[in-house]
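Each remark here refers to the structure printed beneath this line.
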Amino acid sequence: MYNNESVDLQELSENYRVVFSKHVTTGRLKPTIQKKTRQELVSMFPELEMGGWFTPSKCRPKENTAIIIPYRNRYSHLHILLLNIVPLLVKQNVKFSLFVIEQELPGIFNRGMLFNVGFLEALRLDNFDCFIFHDVDIIPINDHNLYNCNHEPTHFLTGVNKFQYKLMYQNMFGGVVAFTLQQFTNINGASNLYFGWGGEDDDLQERVKQKGFTVMRKDFNVGLYDMIKHTRDATNNANPLR
C-alpha cells in the first residue's frame with residue numbers, strides 16, 4: 001500500500017503478521033471525537049497492560065513498536081487520539097507500547113527534542129525495533145494504514161481534512177513518521193535546535209536524505225487523517241528558522 005509498489009494483502013499479511021479479514025480491517029473509518037476521562041479509557045481497553053503495553057495473543061508479531069507522542073497541554077486531544085488509535089493498533093495485531101512525552105510549561109515547545117527523549121526513554125524499558133512518532137492532534141481514518149516500520153523511513157500521512165485531504169505542502173515529512181532502530185540511530189535522531197512551530201520536520205527529512213535513505217510514502221487513499229480542531233498554543237510561535 002505504498003506508492004510505486006505492487007503489494008497485495010496476502011503478501012503484507014505474510015510479511016507483517018497482519019490478519020486481514022472483513023471482521024478485522026474495514027478501510028475508511030469515521031473517527032470517534034469524544035472526550036473521555038482517564039478512567040473511562042482504562043475501562044474501554046482492558047486488553048492493555050498497565051502503562052499502555054499490548055501484545056497480541058493470536059499471532060507472533062514481527063516488530064516491537066514504540067508509539068511516541070510529543071505532548072504539551074493537549075489533554076482532551078490526547079484522549080481522543082487514544083480512543084481512536086488503540087483499537088486500530090489492536091486490530092492490526094501490532095505489539096506496541098504508548099509513550100506520551102510531555103514538555104512542562106512554561107517554555108517554548110521543542111518537538112524534535114521530545115522525539116529524542118521518547119526514543120531514549122523507550123529503549124530504557126524494552127528492546128524496541130520500530131519507532132512511530134505521532135502528533136497528538138491527528139486521527140487515522142483508514143485502518144488499512146499499517147502501523148509498522150519498513151526498509152526505509154516511512155511517512156504515514158498523505159492528506160488531512162484541514163487541507164482538503166492533501167498535504168500542507170508537497171513532500172512534507174510530518175504528522176506521523178516511522179523509523180527502525182537502526183534508521184533513527186543512523187540519522188542521529190532529530191534536531192534539538194528547533195524551538196517553536198515549524199522547521200523540525202524539514203530538518204528531519206534532510207537528515208534522512210543525507211544518510212542515503214529514501215522516504216517511503218503511503219498510498220494516497222490510505223494515509224488520510226482528520227485533525228482535531230484547535231488554536232495554536234500562545235507560547236508556540238512560529239520558529240524564526242523555519
Side-chain angles (χ1 to χ4, degrees), residues 51-53 64-82 85 96-140 147 149 152-157 160 167-169 171-213 215 225 227-228 230-242:
W53 301 67
N64 188 14
T65 301
I67 308 292
I68 296 174
I69 305 169
Y71 172 81
R72 185 179 69 168
N73 199 29
R74 293 282 180 85
Y75 189 78
S76 62
H77 293 178
L78 176 62
H79 284 197
I80 292 172
L81 173 62
L82 296 176
I85 197 172
F96 69 90
S97 303
L98 296 163
F99 294 89
V100 179
I101 311 301
E102 182 173 9
Q103 181 177 337
E104 291 186 348
L105 291 169
I108 303 175
F109 194 60
N110 189 321
R111 182 166 164 268
M113 186 180 294
L114 295 183
F115 277 21
N116 296 332
V117 170
F119 177 78
L120 294 173
E121 289 299 313
L123 288 176
R124 291 178 60 187
L125 297 178
D126 204 353
N127 295 319
F128 294 100
D129 41 35
C130 178
F131 299 82
I132 299 178
F133 301 92
H134 204 298
D135 283 358
V136 72
D137 59 353
I138 56 173
I139 310 299
Y147 272 63
C149 284
E152 299 282 1
T154 303
H155 187 215
F156 284 51
L157 190 149
V160 65
L167 294 178
M168 183 178 179
Y169 56 91
N171 295 325
M172 69 170 286
F173 189 61
V176 186
V177 296
F179 295 86
T180 65
L181 171 62
Q182 192 62 50
Q183 289 163 1
F184 201 69
T185 301
N186 284 351
I187 69 169
N188 196 28
S191 173
N192 293 320
L193 300 179
Y194 289 85
F195 289 86
W197 181 81
E200 74 281 354
D201 291 336
D202 294 336
D203 185 282
L204 187 64
Q205 182 164 213
E206 188 60 31
R207 288 167 177 250
V208 167
K209 292 178 180 178
Q210 287 183 0
K211 289 299 182 179
F213 293 112
V215 173
Y225 287 77
M227 180 176 288
I228 304 170
H230 62 86
T231 57
R232 189 186 302 171
D233 190 330
T235 63
N236 191 30
N237 293 325
N239 190 314
L241 300 178
R242 64 186 293 268

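Computation of the quantities below employed the complete heavy-atom set of this structure, encompassing side-chain atoms and omitting hydrogens, waters and symmetry-equivalent molecules.
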Write down the atom of [X], the atom of [Y], and the distance for their closest heavy-atom approach.
X	Y	answer
Glu104	Arg72	O-CD, 4.3 Å
Asn188	Arg207	O-NH1, 3.3 Å
Lys211	Asn186	CE-O, 3.1 Å

Begin from the C-alpha positions of His155 and Met172 and carry the test side chain to side chain contact (heavy atoms under 4.5 Å, CB included) through to its verdict. CA-CA 9 Å; His155 187 215; Met172 69 170 286; 4.0 Å; yes
Within the distance-only criterion (no hydrogens, no angle test), does the side chain of [X] pair as donor or acceptor with the backbone N or O of [Y] below 3.5 angstrom?
X	Y	result
Gln183	Val208	no
Arg111	Pro70	no
Glu200	Ala190	no

Begin with the C-alpha distance, continue with both residues' side-chain angles, and end with the deciding distance and a verdict on side chain to side chain contact (heavy atoms under 4.5 Å, CB included) for Gln205 and Val177. CA-CA 10 Å; Gln205 182 164 213; Val177 296; over 6 Å; no
Measure the spacing between [atom1] of [X] and [atom2] of [Y] and express it to the nearest 0.5 Å.
X	Y	atom1	atom2	answer
Arg74	Ile228	CZ	CD1	9.0 Å
Asp129	Leu123	CG	CG	10.0 Å
Ile68	Ile132	CD1	CD1	9.5 Å
Leu204	Tyr194	CG	OH	10.5 Å
Phe131	Phe115	CZ	CZ	13.0 Å
Met113	Ile101	CE	CD1	13.5 Å

With a 6.0 Å cut-off (strictly less than), is the heavy-atom count around CG of Asn171, excluding the residue itself, greater than 12?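 Yes.
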Taking side chain to side chain donor-acceptor pair (under 3.5 Å) as the definition, give me every residue that meets it alongside Glu121, ordered by chain and number, with sequence neighbours left out. Arg124
Non-neighbouring partners of Asn192 that pass side chain to side chain donor-acceptor pair (under 3.5 Å), sequence neighbours left out: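 Per chain and number, Asn192 pairs via side chain to side chain donor-acceptor pair (under 3.5 Å) with Asn116.
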Could you check Phe99, Phe96, Phe184, Phe179 and say which one makes a ring pair (Phe, Tyr, Trp, His ring centres under 6.0 Å) with Phe128? Phe99
Is there a side-chain contact between [X] and [Y] (heavy atoms, below 4.5 Å)?
X	Y	answer
Tyr147	Thr65	no
Tyr71	Leu114	no
Asp135	Tyr225	no

Parallel, tilted or perpendicular: ring planes of Tyr75 versus His79, cut at 30 and 60 degrees: tilted
Are Phe156 and Ile138 close enough, and set up right, to give a side chain to side chain contact (heavy atoms under 4.5 Å, CB included), and what steps lead you there? CA-CA 11 Å; Phe156 284 51; Ile138 56 173; over 6 Å; no
Leu78 vs Leu82, test: side chain to side chain contact (heavy atoms under 4.5 Å, CB included). Steps then yes/no. CA-CA 6 Å; Leu78 176 62; Leu82 296 176; 4.2 Å; yes
